[in-house]
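Report on one structure; see the data block that follows.
Protein chains get the first letters and strands the later ones, always in sequence-line order, with residue 1 at the start of each.
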Number of protein chains: 2
Amino acid sequence: MSKLPSKLPPMSAVRVFEAAARHQSFTRAAEELGMTQAAVSYQIKILEDRLGAPLFMRLPRQVTLTAKGRQLAPAVTEAFEALRTAFAGVEETVQSVLSISTLTTFAANWLVPRLGRFQHLHPNIAVQIHVSGQVVDFGQSDFDLGIRSGNGSWPGLEAHLLFPNLFTPVCSPELIRGVTLKEPSDILKFPIISPSDPWWQDWFAAAGVQDFDPSQRPDNNLGTQQFEGMAAMAGQGFALINPYFFPGDLSAGRLVQPFDLLATSERGYWLVYPKARRRSAKIEAFRDWMLSEVADDTEKTSALAQV
Amino acid sequence: MSKLPSKLPPMSAVRVFEAAARHQSFTRAAEELGMTQAAVSYQIKILEDRLGAPLFMRLPRQVTLTAKGRQLAPAVTEAFEALRTAFAGVEETVQSVLSISTLTTFAANWLVPRLGRFQHLHPNIAVQIHVSGQVVDFGQSDFDLGIRSGNGSWPGLEAHLLFPNLFTPVCSPELIRGVTLKEPSDILKFPIISPSDPWWQDWFAAAGVQDFDPSQRPDNNLGTQQFEGMAAMAGQGFALINPYFFPGDLSAGRLVQPFDLLATSERGYWLVYPKARRRSAKIEAFRDWMLSEVADDTEKTSALAQV
DNA sequence: GGCTGCCATAAGGCAGCCTTATGGATTGCC
DNA sequence: GGCAATCCATAAGGCTGCCTTATGGCAGCC
């Protein structure tokens with residue numbers, strides 16, 4: 001008894017057999033598979049030669065399964081049914097689940113508050129957000145989209161700039177009521193939220209202010225712009241924030257920006273995804289939605305001066 | 001919700017995926033499938049592009065299934081397991097079941113009595129005999145071998161002559177004890193079994209006997225040579241038989257053949273099978289066995305004169 | 001630090017697969 | 001009874017898809 005690992009015959013031939021057995025017709029099977037009747041005949045012959053026994057009896061105007069064919073057909077059809085179901089399931093999730101890897105700051109200050117609108121536009125796409133402090137590698141993980149900070153050049157990735165990484169001091173209107181801020185150094189007279197954030201140094205440097213010394217101030221670092229902006233709105237002092245993260249608060253006057261000066265880190269926030277998958281419907285949907293959201297923000301913040 | 005018939009991806013790629021998922025390794029899968037690692041990588045990429053989502057995460061020195069890959073793998077493996085089982089089963093029957101379509105006379109007088117020896121030689125081959133009065137069409141039925149009468153020329157079929165369709169009168173030695181048969185016409189003095197068989201006319205004609213008239217005799221037609229031979233051995237008269245069908249009885253003296261004259265129908269008994277399947281082990285086994293049986297018979301009946 | 005193991009990718013060739021075209025065989029229809 | 005239609009087999013031919021070889025990158029390991 002030779003007990004070879006029972007190599008399976010060519011799968012393409014098996015697939016043709018499955019269709020032919022179901023239809024009991026080569027012509028019908030060819031239609032279903034989108035090929036010619038001759039190709040079906042060819043593939044069936046391949047399989048029969050491989051097995052060493054005929055699977056169909058060729059009757060005048062029809063084909064019928066032989067005993068071996070009948071022995072084979074139900075199992076094969078069942079197996080293919082299982083495969084069809086499995087692939088349909090995966091395709092379903094591929095189309096309907098969108099997983100995003102995003103930086104914490106961006107998720108909290110921008111993405112999460114707006115997600116409801118996307119869900120409303122695309123109720124059949126379930127969005128899964130994975131927050132991470134570090135940039136995702138699409139080769140080693142399984143995300144559809146990523147939000148990352150950088151210069152927009154990543155090999156193999158399509159990148160859309162959402163907005164530059166700008167920052168400028170803001171505060172509550174109450175904090176400076178009755179006070180006229182003439183120049184940037186006037187800010188030093190007020191409490192500064194998260195003064196140890198190095199970007200403060202950058203902004204003051206860009207403004208020509210020399211004597212800002214964070215070590216002289218209480219280090220109440222709040223960690224994320226979300227909290228810093230909230231503290232500023234509560235009148236606790238000046239926060240250094242990216243105006244793109246607070247377009248509503250700025251336009252509604254809950255936050256005011258006393259100086260047009262915007263510093264930049266030369267990096268920006270980018271939406272990225274593998275170039276190869278740019279045709280994916282859900283990716284297109286999310287990208288388009290995101291860019292339109294950004295466009296709306298840009299309108300609202302159009303009053304802001306550029307650096 | 002588009003509800004297309006969910007076309008299956010290329011089966012060859014699915015097969016590669018199944019092996020790769022099982023091994024969690026492209027290299028190992030390539031070994032199993034007898035191809036190169038590059039080919040596996042290529043096929044997996046095909047499938048991933050088709051699905052629009054990665055199935056494996058490429059980690060430094062290994063690959064791991066993604067969520068979608070894990071969703072797909074068990075079902076695919078199960079389906080392939082079913083396919084393997086089904087094909088193994090068919091191959092088993094292909095190798096171990098030999099179906100023969102044979103003429104009634106041949107089955108009764110020659111094949112069935114000897115089958116035991118073949119079974120003994122090849123205990124793992126199950127022989128199925130289908131007796132039919134008419135010749136089988138290998139294109140429209142499902143037999144491995146056929147025994148048929150004819151001139152040995154059938155397109156697409158391999159044919160081995162088993163023996164010519166000869167016939168000669170025989171009887172029990174007791175029937176003619178003490179009698180000397182000088183010429184063929186002497187047979188007319190004895191009872192004739194199945195006198196209405198037209199071959200009797202042929203034989204007497206070949207022997208130069210004119211006055212044989214079957215209508216003058218009781219028509220106790222027994223139908224098959226098997227029964228006719230048995231009747232002859234029982235001393236009931238002369239039977240016209242093919243000596244190849246009774247080699248043992250002739251050599252043991254249970255039947256005697258008074259005249260060397262053998263008439264022939266110019267047809268013979270042939271073993272046939274589709275040329276395309278001549279490599280089949282079971283067909284080779286049966287053919288070789290059958291031809292050796294025939295050779296043995298020819299030795300036993302070598303005393304018989306040719307026409 | 002070289003070595004090994006694993007995967008990706010490019011280039012290139014071959015064969016397998018599919019198509020077109022034709023023929024045979026049977027059925028069904030006037 | 002002849003003609004059209006249906007269905008499958010087969011031959012010829014072309015193209016593309018698949019596989020191989022070769023190379024490179026990357027990480028872990030002695």
Residue pairs involving residues 8-30 of chain B (criterion ring-ring contact (aromatic ring centres under 6.0 Å, His included); sequence neighbours excluded):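 Qualifying pairs: B:Phe17-B:Phe56, B:Phe26-B:Phe56.
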Contacts of A:Asp49 that satisfy side-chain contact (heavy atoms from CB on, under 4.5 Å) - sequence neighbours left out: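 Only A:Lys45 meet the side-chain contact (heavy atoms from CB on, under 4.5 Å) criterion with A:Asp49.
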Quick one: [X] [atom1] to [N] [atom2], roughly how many Å, whole number?
X       : N      : atom1 : atom2 : result
A:Met11 : D:dC18 : CE    : P     : 15 Å
A:Met57 : D:dC7  : CE    : P     : 18 Å
A:Arg15 : C:dG16 : CZ    : P     : 20 Å
A:Asp49 : D:dA9  : CG    : P     : 12 Å
A:Phe56 : D:dC8  : CZ    : P     : 10 Å
B:Glu31 : C:dC7  : CD    : C1'   : 14 Å

Sequence-distant partners of [X], side-chain hydrogen bond (donor to acceptor under 3.5 Å, both in side chains), two or more places apart:
X        : answer
B:Asp144 : B:Arg277, B:Lys282
B:Arg287 : B:Tyr273
A:Tyr42  : none

Pairs satisfying side-chain hydrogen bond (donor to acceptor under 3.5 Å, both in side chains), at least one member in residues 72-83 of chain A, at least two apart: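 Sorted result for residues 72-83 of chain A: empty, none.
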Short side-chain N/O contact to D:dA9 OP1/OP2 from A:Arg58, under 4.0 Å: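 Yes, within the criterion.
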Strand-adjacent residues in residues 18-26 of chain B, judged by heavy atoms under 4.0 Å from DNA chain C: B:Ser25, B:Phe26
Interface with DNA chain C, restricted to residues 36-48 of chain A and to heavy atoms under 4.0 Å: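 Per residue number, the list reads A:Thr36, A:Ala38, A:Ala39, A:Tyr42, A:Gln43.
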Plane angle bin for A:Phe118 and A:Phe286 - parallel if under 30°, tilted between 30 and 60°, otherwise perpendicular: perpendicular
Nucleotide forming a Watson-Crick or wobble pair with D:dC30, both distances under 3.5 Å: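 With both distances under 3.5 Å, D:dC30 matches C:dG1.
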Under 3.5 Å: donor-acceptor pair, side chain of B:Thr66, backbone of B:Pro54: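 It does hold such a pair.
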Results of salt bridge (charged side-chain N to carboxylate O under 4.0 Å, His left out) for A:Glu32 - residues two or more places apart only: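 Partners of A:Glu32 by the salt bridge (charged side-chain N to carboxylate O under 4.0 Å, His left out) criterion, ordered by chain and then number, come out as A:Arg22.
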